[in-house]
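Scroll down for the structure; my scribbles are underneath it.
Both backbone and side-chain heavy atoms feed into the values below; hydrogens, waters and symmetry mates do not. What you see is a predicted model, and the numbers here were worked out from it, not measured in a lab.
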Amino acid sequence: MTDIRELLLSRIRDVADYPEPGVMFKDITPLLADPAAFTALTDALAEIAERAGATKVVGLEARGFILGAPVAVRAGLGFIPVRKAGKLPGATLAQAYDLEYGSAEIEVHAEDLTDGDRVLVVDDVLATGGTAEASVELIRRAGAEVAGLAVLMELGFLNGRARLEPALNGAPLEALLTV
C-alpha cells in the first residue's frame, strides 16, 4: 500500500491560493491524466467496495462521478450519481445540509436505490464532511444501507471524520491518503 500512496501523492498537485487566498488546493487532474495512477486508484477503491459488500456505488458531484463510475464498473456494481439540487430529471429525494457560509441541497433519483442495496459512497476529498454526511442520510432515506465511504484523500486538519463517523453508524470510512 505504501507504493500506491507514493504514486498517488506524486500525482496530486498543490495549487496555492485557490479558490481563494490562504487555501492550498489539492488538484487531482495530474493523477487522472496518468493511466497507471488512475488505474491504481480505481483498483484500490474497487477493492474497498468489494470488501464492504457493496451492491452500488454512489458518487458525489462532481469529482466523485469521475472516481465512482470506473470503480463501479471495475467492481461490477451499479453507479448512482448524487447531484446538486435541480440537476436530475424526474422524481428525486433531496437532502439539505449546512455549509460554512449558508446551505446546499443534494438529490438522488428516488428509484435508483432500494432497501436491498448496500451502498459505498465515493468521493475525491473528505474535508469538513458536510456533503458526505448529507449523502449518508439521503441513502438511508431512500431505504438503502450505507456499506461505507471511501475517498482518495482526507484533509485531516478539517476534522470531517469526527463529524461523519457518528452518521456512518459503524460503517467503514477509508481514505487512501491523509494530508
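Here the CG atom belonging to L41 is positioned 6.5 Å from the CD1 atom belonging to I4, to the nearest 0.5 angstrom. Expressed to the nearest 0.5 Å, how far CD1 of I12 lies from CG of L31 amounts to 5.5 Å. To the nearest 0.5 Å, atoms CD1 (I48) and CG (L173) are separated by 9.5 Å. The distance from the CD1 atom of I66 to the CD atom of E61 is 10.5 Å, given to the nearest 0.5 Å.
Using a 4.0 Å cut-off between charged side-chain N and carboxylate O, R83 and E107 make no salt bridge.
The shortest non-hydrogen separation linking D117 to K56 is OD2-NZ, 3.0 Å. Taking each heavy atom of L120 and L149 in turn, the nearest pair found is CD1-N, 3.7 Å.
No side-chain donor-acceptor contact under 3.5 Å links K26 to the backbone of V179. Between the side chain of D98 and the main chain of S103, no donor-acceptor pair closer than 3.5 Å is present.
Around OH of Y18, the count of heavy atoms belonging to other residues, nucleotides or ligands within 6.0 Å does not exceed 12.
Within the structure, no pair that satisfies the ring pair (Phe, Tyr, Trp, His ring centres under 6.0 Å) test touches residues 152-179, not counting sequence neighbours. Identified under the side-chain hydrogen bond (donor to acceptor under 3.5 Å, both in side chains) test for residues 170-179, with sequence neighbours left out: R51-E174.
Hydrophobic side-chain contacts under 4.5 Å tie M24 to no other Ile, Leu, Val, Met, Phe, Trp or Tyr residue.
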